[in-house]
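First up is the structure itself, then whatever we jot down about it.
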Protein chains: 2
Amino acid sequence: MIMGRKPSNRPTSFDIAYRAGVSQPTVSRALRGSRSVSAATRERIEAIARELNYSVDKNASSLRSQRSNTIALLFFEEQTLDDSKINPFFLAMLGAITRQCANRGLDLLISFQKLEDDWHVRYQDSHRADGLILLGYGDYTLYRSRLQQLVGQGTDFVRWGSVNDENLGATVGSDNVGAGRMAGEHLLGLGRRRIAFLGQADEHYPEFADRYRGLCEALGAAGIAPDPALLRNAISLEDEGYAAVRALLADGTAFDAVFAASDLIAIGAMRALAEAGLSIPGDVAVMGFDDIPAASMTNPPLTTVMQDLKGAGERLVETLMAQIEDRQRPAETLPARLVIRRSTTG
Amino acid sequence: MIMGRKPSNRPTSFDIAYRAGVSQPTVSRALRGSRSVSAATRERIEAIARELNYSVDKNASSLRSQRSNTIALLFFEEQTLDDSKINPFFLAMLGAITRQCANRGLDLLISFQKLEDDWHVRYQDSHRADGLILLGYGDYTLYRSRLQQLVGQGTDFVRWGSVNDENLGATVGSDNVGAGRMAGEHLLGLGRRRIAFLGQADEHYPEFADRYRGLCEALGAAGIAPDPALLRNAISLEDEGYAAVRALLADGTAFDAVFAASDLIAIGAMRALAEAGLSIPGDVAVMGFDDIPAASMTNPPLTTVMQDLKGAGERLVETLMAQIEDRQRPAETLPARLVIRRSTTG
DNA sequence: AACCGCCATGCAATCGAATGCGGGCCCACC
DNA sequence: GGTGGGCCCGCATTCGATTGCATGGCGGTT
């Protein structure tokens with residue numbers, strides 16, 4: 001293959017040095033702000049660099065310093081989805097992460113992975129990135145082995161997820177238990193007593209499990225025992241919410257509220273309820289989780305739980321950088337808050 | 001600042017060479033598939049590389065070859081928006097682009113920029129990326145000067161937008177004129193005659209202008225002269241669509257259909273219509289453009305125009321790579337198609 | 001048997017910046 | 001006046017892979 005290498009007159013640090021009448025290392029030091037360069041020299045060098053439109057060669061710099069100042073953001077999903085079906089919640093988080101990286105002068109590499117691929121290697125190995133941020137809803141038991149490998153090979157990474165005690169790398173996540181409790185209290189406060197939970201609340205989906213646990217705490221505090229018939233599996237897809245509600249209706253299980261583990265599930269649930277001729281929230285109140293953009297556009301608009309995306313982006317990047325610099329950071333939990341709309345309050 | 005440089009026993013190509021009993025350059029050649037290495041030695045080297053978990057150092061490789069095999073994707077917006085308000089259409093395109101990059105073994109850097117920042121330099125300069133993909137809805141007249149600078153400094157880039165004859169870099173875009181015509185024909189076919197266009201159709205937003213032109217062509221073919229009172233400015237925000245419809249209603253301008261230049265505008269328009277007690281599509285049919293995820297969740301679901309995201313991602317990457325390798329590529333236009341939902345057909 | 005040519009590989013230079021170490025210079029202090 | 005100590009800066013090396021050119025060996029041809 002012909003690699004048309006273009007003639008480039010890019011100035012190097014040697015060119016700057018020549019014009020400034022100093023040595024190349026001095027240029028390097030001056031531009032990185034080393035204090036072993038006098039202010040006068042530094043300013044002269046900076047002026048020339050600006051004039052020549054010089055910018056440090058990232059590859060040479062990274063090679064020598066063994067620091068790429070780049071982090072890789074890996075999304076993964078259980079299977080390859082249609083592009084338009086990428087989890088909107090993670091896309092929203094992308095904005096927060098890019099902003100935080102920009103603030104810190106970090107470059108951000110991005111990649112979508114299938115859970116079963118071996119995305120877990122190669123990134124830090126090849127010095128493309130100093131560390132990884134992992135985002136994804138997927139069966140946790142499947143991807144635990146990848147995490148273990150990452151830990152084993154000493155890769156620096158942070159993941160978004162349930163903050164548990166497994167200690168598989170650094171973790172940042174919402175306070176899902178607290179959020180579940182809030183949701184429960186909201187529905188109970190509206191007089192609902194038979195609250196169906198839609199989401200696979202087990203070791204495969206620890207975040208969902210946490211949300212369910214919070215709901216149970218709220219029920220317990222109100223003196224209500226959780227009814228297993230009201231717990232329905234669903235992963236974060238619209239169709240799963242639809243199917244779960246259809247099943248509930250087919251069973252004849254009585255319920256006056258639905259707490260879905262994600263907005264996508266909730267939206268599917270609302271569709272099934274509407275088809276069944278049930279009014280929302282008259283017959284059944286519906287809540288979701290995530291506050292994706294579509295949540296405010298449903299009919300009626302969806303009450304949901306908003307996670308702190310901005311904080312999440314900041315914490316993820318901060319925790320990762322701390323780990324890279326060998327300053328350990330404990331797992332972090334971020335508070336979430338209710339967004340009350342008409343799907344519960346009519 | 002202490003840069004905790006970790007002791008790393010990463011194997012280098014020298015280690016592989018030593019074990020294989022060959023020289024280091026031979027390892028390099030073997031792993032890149034040079035045909036000047038015998039099959040036997042290549043296989044031996046590959047086996048050892050696999051065993052040692054070797055991966056090529058990206059920085060060293062890029063430094064020497066002057067090729068990073070990385071492209072940078074720059075989103076820009078007119079102003080910094082709330083993270084959750086990032087244009088959903090571009091986020092969807094992100095999926096297509098990442099996939100295409102993965103197929104070609106390219107890394108993807110991503111960054112969000114304000115239109116007024118000087119994002120236009122530094123990326124190719126610093127050898128972080130071989131080329132740029134530019135995505136954004138913004139005032140074209142503002143960002144033309146950036147494009148000119150990019151062209152001037154010889155940066156390789158492709159932008160998504162209106163395919164015009166300005167020749168400011170390579171361009172890939174939907175056939176907006178054709179799509180606008182289709183939309184017009186659809187509405188005309190439903191008996192609508194007074195079609196309001198919501199979108200700033202001028203040199204600031206060439207894509208919107210193209211869509212409007214297509215609409216006018218359809219009107220012309222039906223023997224209808226476009227009414228300037230039915231052309232209303234709006235940029236791609238929900239509030240702008242809302243305001244535009246409010247203005248139309250306040251004017252007393254008669255209209256039986258709305259063709260919004262984007263789904264966000266259409267969603268705002270529907271809100272204004274609903275508030276005014278008008279039925280959709282009974283009183284007013286509404287169409288959008290983009291087919292963002294929320295389009296199917298509005299009430300009623302929104303008829304819109306779906307752009308070919310997968311094709312777009314492929315073409316953008318392909319065109320960019322062609323340009324990097326000095327094989328010029330003409331601008332490309334992709335067909336779009338109607339997605340008919342109940343906001344026009346009831 | 002001498003010679004040509006090609007295949008496979010090695011040698012050494014190279015990409016551009018970062019960094020350990022040594023040294024000149026100036027000032028202060030004894 | 002000699003000496004010690006900072007402050008600034010230069011020299012030489014280094015990071016790890018790629019690449020132009022040289023070379024050794026082997027088979028084939030006349």
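Letters A, B, ... are given to chains in the order of the sequence lines, protein chains preceding strands, and every chain is numbered from 1.
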Original post:
Hey, is the side chain of A:Arg32 poking within less than 4.0 Å of OP1 or OP2 on C:dA18, counting only N and O atoms?
Top reply: yes
Subject >> Distance in Å, B:Leu31 CG paired with B:Ser61 OG, rounded so as to fall on 0.5 Å steps >> reply: 11.0 Å
**OP:** Compute the angle between the rotation axes at the two ends of the helix from C:dA1-D:dT30 to C:dC30-D:dG1, each taken over five pairs, rounded to 10 degrees.
**Re:** 50°
Original post:
Any luck finding a side-chain donor-acceptor pair between A:Lys58 and A:Thr70 under 3.5 Å?
Top reply: yes
**OP:** Output all residues satisfying side chain to side chain contact (heavy atoms under 4.5 Å, CB included) with B:Arg29, sequence neighbours left out; order by chain, then residue number.
**Re:** B:Pro25, B:Ser34, B:Ser36, B:Val37
Original post:
Reckon A:Ser13 has a side-chain N or O less than 4.0 Å from the OP1 or OP2 of C:dA17?
Top reply: yes
**OP:** Can you see which heavy atom on A:Ser13 is nearest to which on A:Val27, and at what distance?
**Re:** O-CG2, 3.8 Å
Original post:
Between A:Gly169 and A:Phe157, what is the shortest heavy-atom contact and its length?
Top reply: CA-CZ, 3.7 Å
**OP:** State the CD-CG distance between B:Gln323 and B:Asp156, to the nearest 0.5 angstrom.
**Re:** 4.5 Å
Original post:
For A:Tyr54 and C:dA17, is the shortest distance between a side-chain N/O and OP1 or OP2 below 4.0 Å?
Top reply: yes
Original post:
Where do A:Leu334 and A:Gly311 come nearest, in terms of heavy atoms and distance?
Top reply: CD1-C, 3.8 Å
Original post:
Mapping A:Ser38 and B:Phe14 to their closest nucleotides on DNA chain D, which lands nearer the 5' end?
Top reply: A:Ser38
Original post:
Tell me: CG of A:Asn69 to C1' of C:dA18, nearest whole Å?
Top reply: 13 Å
Throw together a table of side-chain donor-acceptor distances under 3.5 angstrom for residues 313-321 of chain A, partners on residues two or more places apart or in other chains.
residue	atom	partner	partner atom	Å
A:Glu314	OE2	A:Lys310	NZ	3.4
A:Arg315	NH1	A:Glu318	OE2	2.7
A:Glu318	OE2	A:Arg329	NH2	3.1
A:Thr319	OG1	A:Arg315	O	2.6

**OP:** On DNA chain C, check which nucleotide each of B:Leu63 and B:Val37 is closest to and give me the residue with the more 5' one.
**Re:** B:Val37
Original post:
Would you say a side-chain N or O of B:Ser23 is under 4.0 Å from OP1 or OP2 of C:dT9?
Top reply: no
Original post:
Could you give the CG-to-C1' distance, from A:Leu52 to C:dG16, as a whole number of Å?
Top reply: 16 Å
Original post:
Strictly under 6.0 Å, is that where the ring centroids of B:Tyr143 and B:Phe76 end up?
Top reply: yes
Original post:
In whole Å, what is the span from the NZ atom of A:Lys58 to the C1' atom of C:dA17?
Top reply: 13 Å
Subject >> N/O (side chain, B:Thr12) to phosphate O (OP1/OP2, D:dG16) under 4.0 Å >> reply: no
Subject >> Selected nucleotide, minimal atom distance to A:Thr26 side chain, candidates D:dG10, C:dT19, D:dA17 >> reply: D:dG10
Original post:
Which value, rounded to the nearest 0.5 Å, describes the distance between A:Leu73 atom CG and A:Ser111 atom OG?
Top reply: 9.0 Å
Original post:
Atom CZ of B:Arg128 and atom CG of A:Asp107: how far apart are they, to the nearest 0.5 Å?
Top reply: 4.0 Å
Original post:
What is the distance from OH of A:Tyr18 to P of D:dC9, rounded to the nearest Å?
Top reply: 19 Å
Original post:
Expressed in angstrom and rounded to an integer, what is the separation of B:Arg67 atom CZ from D:dG16 atom C1'?
Top reply: 20 Å
**OP:** May I ask you to evaluate whether B:Ser28 reaches the phosphate of D:dA17, defined as a side-chain N or O under 4.0 Å from OP1 or OP2?
**Re:** no
**OP:** Take the protein atom CD1 of B:Ile16 and the nucleotide atom C1' of D:dT18, then report the distance between them rounded to whole Å.
**Re:** 16 Å
Original post:
For A:Gln66 and D:dG16, is the shortest distance between a side-chain N/O and OP1 or OP2 below 4.0 Å?
Top reply: yes
Original post:
Do the side chains of A:Ile45 and A:Thr26 get nearer than 4.5 Å, heavy atoms only?
Top reply: yes
**OP:** Using only heavy-atom distances, decide whether a donor-acceptor pair under 3.5 angstrom links the side-chain of B:Arg29 to the base of C:dG10.
**Re:** yes
Contacts under 3.5 Å, N or O only, protein and nucleotides 22-27 of chain C:
none

Original post:
In whole angstrom, what separates A:Asn59's CG from D:dG16's C1'?
Top reply: 12 Å
Original post:
Which salt bridge (charged side-chain N to carboxylate O under 4.0 Å, His left out) pairs, counting each pair once, include a residue from residues 11-21 of chain B, with sequence neighbours left out?
Top reply: none
Original post:
Considering only D:dC9, C:dG16, C:dA18, which nucleotide approaches the side chain of A:Gln24 most closely?
Top reply: C:dA18
Subject >> Touch class at under 4.0 angstrom, heavy-atom based, for B:Val22 against every strand present >> reply: sugar-phosphate
Original post:
For DNA chain D, which residues in residues 40-50 of chain B have a heavy atom at a distance below 4.0 Å?
Top reply: none
Original post:
Does a distance-only test, which skips hydrogens and angles, find a donor-acceptor pair under 3.5 Å between the side chain of A:Arg64 and the base of D:dG16?
Top reply: no
